[in-house]
Amino acid sequence: MTTTEIIVTIFSSSVLSAGLTGLITWKIKQNEFKKTVFVNFINKRIEAYTELENLHGTLSFVIRDDDGKKYHAIYSRLESFQMFILNLGLALKFNTWYSPEIIAILRKVNDLQEQMGGLSFDNEMVIIENIKIGKRNYEKICNLKDELTDQIRKDFSKIHITDFKKFFGETKR
């Protein structure tokens, strides 16, 4: 082998080695990027479902009146009502991260909130009227809360899925 052939061989093997190293490094970085996006995606979805759990919690506090009938605390105390509105707003803020089924339930909860929108807590008589409304809506709220619970549990079983079509379903245009 001549000196030129040796130099060409060394040079070509160096170029090939550098090319392979670059390609492998690029693939590794690409894979790391996908994993980072996946982790961020899952964390955002978990954050959204945490807000749903907070909303669920505000719908869980039940009071039994002197007549034995139940109603939710959001009808009797301004603080409870405000917490419900705050938690509903925070849950709705994350609506792009929920399954279509959760969105449908949140619409029902929001409709309920619109019906309740006129609640006032100015005096005892008004609060008594609120409680009457709460008693009438007790079953409806319990059903919504149960629907929300069931759907959250179902969604948790597929919360790791990053394929939008599998998780969210087909998008409508």
- Query: Hey, any chance Ile128 and Ile74 share a hydrophobic cluster, counting ILVMFWY side chains that come within less than 4.5 Å of each other, even indirectly?
  - Reply: no

- Message: Between Leu148 and Leu144, is there a side-chain heavy-atom distance shorter than 4.5 Å?
- Response: no

- Is Leu112 reachable from Ile103 through a run of hydrophobic residues whose side-chain heavy atoms are each under 4.5 Å from the next? yes

- Query: Where is the tightest heavy-atom contact between Ala73 and Ser80, given as atom of each residue plus distance?
  - Reply: O-CB, 3.5 Å

- Query: Are Leu86 and Phe94 in one and the same hydrophobic cluster, where Ile, Leu, Val, Met, Phe, Trp and Tyr link if side-chain heavy atoms are under 4.5 Å apart?
  - Reply: no

- Check the pair Val62 / Tyr71 against side-chain contact (heavy atoms from CB on, under 4.5 Å), numbers first and verdict last. CA-CA 6 Å; Val62 174; Tyr71 61 94; over 6 Å; no

- Message: Is any side-chain heavy atom of Lys145 closer than 4.5 Å to one of His56?
- Response: yes

- Query: Can a donor-acceptor pair be found between the side chains of Asn43 and Glu47 at a distance below 3.5 Å?
  - Reply: no

- When rounded to the nearest 0.5 Å, the distance separating CG of Asn40 from NZ of Lys35 is 14.5 Å

- Query: Is there a path from Ile127 to Phe61 through hydrophobic residues (I, L, V, M, F, W, Y) whose side chains come within less than 4.5 Å of each other?
  - Reply: yes

- Message: Could you go through Asp111 and Gln115, starting from their C-alpha distance and side-chain angles, then the distance that decides it, and tell me whether this counts as side chain to side chain donor-acceptor pair (under 3.5 Å)?
- Response: CA-CA 6 Å; Asp111 289 345; Gln115 293 170 8; over 6 Å; no

- Step through it carefully: locate the ring centre of Tyr138, locate the ring centre of His72, and say whether they are under 6.0 Å apart. yes

- Would you check, one step at a time, whether the test salt bridge (charged side-chain N to carboxylate O under 4.0 Å, His left out) holds for Glu129 with Lys132? CA-CA 5 Å; Glu129 286 304 311; Lys132 288 178 184 175; 3.2 Å; yes

- Task: Starting at CZ of Arg107, measure out to CG of Leu92 and round the result to the nearest 0.5 Å.
- Result: 10.0 Å

- Query: Going by heavy atoms in the side chains, are Asn130 and Ser76 under 4.5 Å from each other?
  - Reply: no

- Heavy-atom count around Asp67 CG within 6.0 Å, excluding the residue itself: above 12? yes

- Query: Are Lys108 and Glu147 close enough that some pair of their side-chain heavy atoms sits under 4.5 Å apart?
  - Reply: yes

- Message: Assigning hydrophobic clusters by single linkage (Ile, Leu, Val, Met, Phe, Trp, Tyr; side-chain heavy-atom cutoff under 4.5 Å), is Leu55 placed with Met83?
- Response: no

- With rounding to the nearest 0.5 Å, note down the distance linking CG in Leu52 to CD1 in Ile152. 4.5 Å

- Task: Could you check Asp65 against Lys70 for side-chain contact (heavy atoms from CB on, under 4.5 Å), going step by step and ending with a plain yes or no?
- Result: CA-CA 6 Å; Asp65 205 4; Lys70 296 178 185 178; over 6 Å; no

- Are any non-hydrogen side-chain atoms of Tyr75 and Ile133 less than 4.5 angstrom apart? yes

- Query: Could you give the distance from CD (Glu51) to CD (Glu53), rounded to the nearest 0.5 Å?
  - Reply: 9.5 Å

- Query: Do any N or O atoms from the side chain of Asn31 and from the backbone of Lys27 form a donor-acceptor pair under 3.5 angstrom?
  - Reply: no

- Residues Val109, Phe84; criterion side-chain contact (heavy atoms from CB on, under 4.5 Å); working and verdict: CA-CA 10 Å; Val109 173; Phe84 164 68; 4.0 Å; yes

- Gap separating the NZ atom of Lys69 from the CZ atom of Arg64, nearest 0.5 angstrom: 12.0 Å

- Does atom CZ of Phe156 have more than 12 heavy-atom neighbours from other groups under 6.0 Å away? yes

- Message: Using ring centroids (six-membered ring only for Trp), state whether Tyr49 and Tyr98 fall under 6.0 Å.
- Response: yes

- Value rounded to 0.5 Å, distance of OG1 in Thr149 from NZ in Lys154: 11.5 Å

- Counting N and O atoms only, with roles assigned by atom type, does the side chain of Asn123 sit under 3.5 Å from a partner on the main chain of Val126, one being a donor and the other an acceptor? yes

